[in-house]
Amino acid sequence: MAYAVLHLDKAKGADSGMSAHIERIIHPKNADPTRTHLNRELIQFPEGVTSRTQAIQHRLDTAGLKRKIGKNQVQAIRILLTGTHEDMVQIEKEGRLDEWCQDNIDWLQKTYGTDNVVSVVLHMDESTPHLHATVIPIVETERKRKKKEEEVKRTYRKKTPAPRLCADDVMSRTKLKNYQNTYAAAMQKYGLQRGIDGSEAQHISTHEYYRSLMLQGKSLQEDVDELLKRKEQEEKELAKVKAEKKTEELKNTAAKTANVALKGLNSLLGSNKISKLEKENERLQGEVANRDSQIKNLQKDAEQQKEWHAEDIRYTKLQLEKIINEKQRTIDKILRWFPLVGEYLRVESECLMHGFSEEQTDKLVHGQALKFRGYLQVDKRSPRVWAESVTTQIIKIAKDKLQLTVEQSPIVQWIQQRLQFEKQEHQEQKATRNRGFHL
């Protein structure tokens, strides 16, 4: 069946994460980069506005809102408009895609108001052509008051309704049902119809959906196998009957005998039995074809669900990246406002690199002088030197500069001196051994 697809979703804030996906700032894995240039923004932005996020803010700023917008208030509604895969591909092949896009825009502007439809993007780089529309839920109807407020007698003059931001009004249960009806009517000319009205079908998770598909597919395959076995058995029986009939005809060469035998055979075996077997065979073939069609439809539904699942994953990833970026900005501010924090982090890493343990490093960072006994090195790839009960400490050498020292000398300088000393000592010992050998 050919269905029109209309899906609405609330978005808080400027919805910059979804803007990155829609405008392909972040390229999804299931999109074909060689077709991204075919994507189009179908709404002309106001002067000075260059992106979907800016278009949302521009509408909010110019709508004449009296109330302050809440931090968690829904500022935009995301709307996905498309149809079943085969029908959308056929619309594109027939050269009617631009007409379909314009009819969608006309429906959106008529339904939500021209000024409230701030962006409509056509995506052509995924498997099914579809539209991402952005609607600002600004209404001018009177705000619904609580029951207690309505019971209070009003003595003041009724105010003229002013523009206000209210997603609950736009997405009420009655209106959502009406959207499905009017959108299906607008898409009827393309052979797309509304889904089942009042369906009790409930949304299930992607994992549960795929699991049910696998179980259904397995059950269907078992049914198909059983039908094929029955078909093969019936065909063998039919072939046996036909062979018996042919043998009987060959035995009776005389015309009268053949006629009598044929009549007797038809009477005995009965053309009715052959006809019955043929009809049963046709019925079984029809059932197999119907099962094949069901499996094919389930596979198509699975592919569509995979696309939606991938869309959810991309959106979640964008939200996580947004949180990470906010945390990184906070860290950058801390390092900028408190330079010594970054310096302490640097010197901590330096301690671990030179050979100090986590516990020793913690004491040094807290300003304690530490008696150290063990191996030290410039870095992980450099040779080590033995330090026997040396005093190590982190000292402040400038306003925002710290330095790790050994015996009051910079640690790198101390290690290099020790390496040079050990090298000279080794050379002297070698020379002494050589002189003793010649003697």
Side-chain angles (χ1 to χ4, degrees), residues 1-11 15 18-19 22-23 38-47 49-60 62-64 74-126 128-141 163 165-167 169-195 197:
M1 300 294 288
Y3 292 111
V5 177
L6 176 69
H7 180 74
L8 287 78
D9 191 19
K10 295 179 180 180
D15 202 25
M18 182 54 68
S19 293
I22 292 175
E23 297 172 350
L38 299 175
N39 296 350
R40 289 181 284 159
E41 169 63 69
L42 305 180
I43 297 296
Q44 184 176 356
F45 291 148
E47 184 178 356
V49 175
T50 60
S51 68
R52 173 180 177 271
T53 301
Q54 292 179 5
I56 294 173
Q57 190 61 47
H58 180 272
R59 174 57 179 154
L60 294 172
T62 59
V74 175
Q75 300 181 19
I77 296 174
R78 300 191 292 264
I79 304 179
L80 178 70
L81 308 101
T82 184
T84 44
H85 174 73
E86 295 81 0
D87 300 281
M88 291 305 301
V89 172
Q90 185 63 29
I91 291 172
E92 182 183 1
K93 287 182 179 179
E94 293 175 355
R96 303 179 65 194
L97 190 59
D98 289 342
E99 180 186 356
W100 178 82
C101 290
Q102 187 58 52
D103 285 342
N104 275 270
I105 293 174
D106 293 343
W107 178 83
L108 287 165
Q109 293 179 339
K110 180 180 178 181
T111 304
Y112 304 104
T114 302
D115 293 337
N116 288 337
V117 182
V118 299
S119 173
V120 179
V121 176
L122 171 65
H123 275 179
M124 296 292 292
D125 55 356
E126 296 182 46
T128 304
H130 58 276
L131 295 175
H132 284 284
T134 304
V135 171
I136 310 303
I138 293 177
V139 298
E140 293 191 3
T141 56
L165 190 65
C166 185
D169 192 328
V170 175
M171 294 185 68
S172 67
R173 186 178 183 84
T174 302
K175 289 185 177 180
L176 288 174
K177 185 175 182 179
N178 185 57
Y179 297 155
Q180 296 292 342
N181 292 333
T182 58
Y183 183 66
M187 295 295 105
Q188 190 173 6
K189 62 189 286 190
Y190 301 100
L192 303 175
Q193 61 179 331
R194 190 193 192 284
D197 187 11

What closest approach, in Å, do Ala167 and Pro137 show between heavy atoms, and which atom pair accounts for it?
CA-CB, 3.7 Å

Say whether Asp98 and Gln102, considering side chains only, have a donor N or O and an acceptor N or O under 3.5 Å apart.
no

Side chain Thr111, main chain Leu108, donor-acceptor under 3.5 Å:
no

Trace of the side chain to side chain contact (heavy atoms under 4.5 Å, CB included) decision for Val89 with Lys93
CA-CA 6 Å; Val89 172; Lys93 287 182 179 179; 3.8 Å; yes

Measuring from Ile136:CD1 to Gln57:CD, what's the distance to the nearest 0.5 Å?
9.0 Å

When you look at CD of Glu99, are more than 12 heavy atoms from neighbouring residues, nucleotides or ligands closer to it than 6.0 Å?
yes

Could you state the interatomic distance from CG (Leu81) to CG (Leu192), rounded to the nearest 0.5 Å?
11.5 Å

Between Ser119 and Arg52, a side-chain donor and acceptor under 3.5 Å
no

So do Leu38 and Asp125 actually touch side chain to side chain, heavy atoms under 4.5 Å?
no

What is the distance from atom NZ of Lys177 to atom OG1 of Thr182, rounded to the nearest 0.5 Å?
13.0 Å

Any side-chain heavy-atom pair from Val74 and Met171 closer than 4.5 angstrom?
no

Could you check if a side-chain atom of Lys175 sits within less than 4.5 angstrom of a side-chain atom of Val170, using non-hydrogen atoms only?
no

Would Glu23 and Val121 satisfy side chain to side chain contact (heavy atoms under 4.5 Å, CB included), going step by step from the backbone distance to the final call?
CA-CA 8 Å; Glu23 297 172 350; Val121 176; 5.6 Å; no

If you look at every heavy atom in Ala55 and Val49, which pair is closest and at what distance?
N-CG1, 3.5 Å

Within-4.5 Å side-chain heavy-atom neighbours: Thr50 and Gln54:
yes

Looking at CE of Met124 and CZ of Arg40, how far apart are the two atoms once the value is rounded to the nearest 0.5 Å?
7.5 Å

Heavy-atom donor-acceptor pair, Tyr190 side chain to Ile91 backbone, under 3.5 Å
no

To check you understand the geometry: which heavy-atom pair defines the closest contact between Leu6 and Trp107, and what is its length?
CD2-CH2, 3.7 Å

State, with a plain yes or no, whether a side-chain heavy atom of Met187 is found less than 4.5 Å away from one of Asn104.
yes

Note: Gln193 and Ala184 closest approach over all heavy atoms is C-CB, 4.3 Å

Partner of His130 under ring pair (Phe, Tyr, Trp, His ring centres under 6.0 Å), picked from His85, His123, His7, is His123

Where do Phe45 and Val118 come nearest, in terms of heavy atoms and distance?
CE2-O, 3.3 Å

Ile79 side chain near Tyr183 side chain, heavy-atom distance below 4.5 Å:
no

Backbone N/O of Arg78 and side chain of His132: donor-acceptor pair under 3.5 Å:
no

Backbone N/O of Ile43 and side chain of Glu41: donor-acceptor pair under 3.5 Å:
yes

Say you draw a straight line from CG of Asp115 to OG1 of Thr62; how long is it, rounded to the nearest 0.5 Å?
7.5 Å

Find out whether Glu92 and Trp100 are in side-chain contact, i.e. whether some heavy atom of one side chain is under 4.5 Å from a heavy atom of the other.
no

Are side-chain heavy atoms of Leu131 and Leu42 found at a separation under 4.5 Å?
yes

Out of curiosity, Thr114 OG1 to Asp106 CG, how far, rounded to the nearest 0.5 Å?
9.0 Å

Under a 3.5 Å cutoff, is there a donor and acceptor pairing between the side chains of Thr53 and Ser19?
yes

If you look at every heavy atom in Gln75 and Leu165, which pair is closest and at what distance?
CA-CD2, 4.1 Å

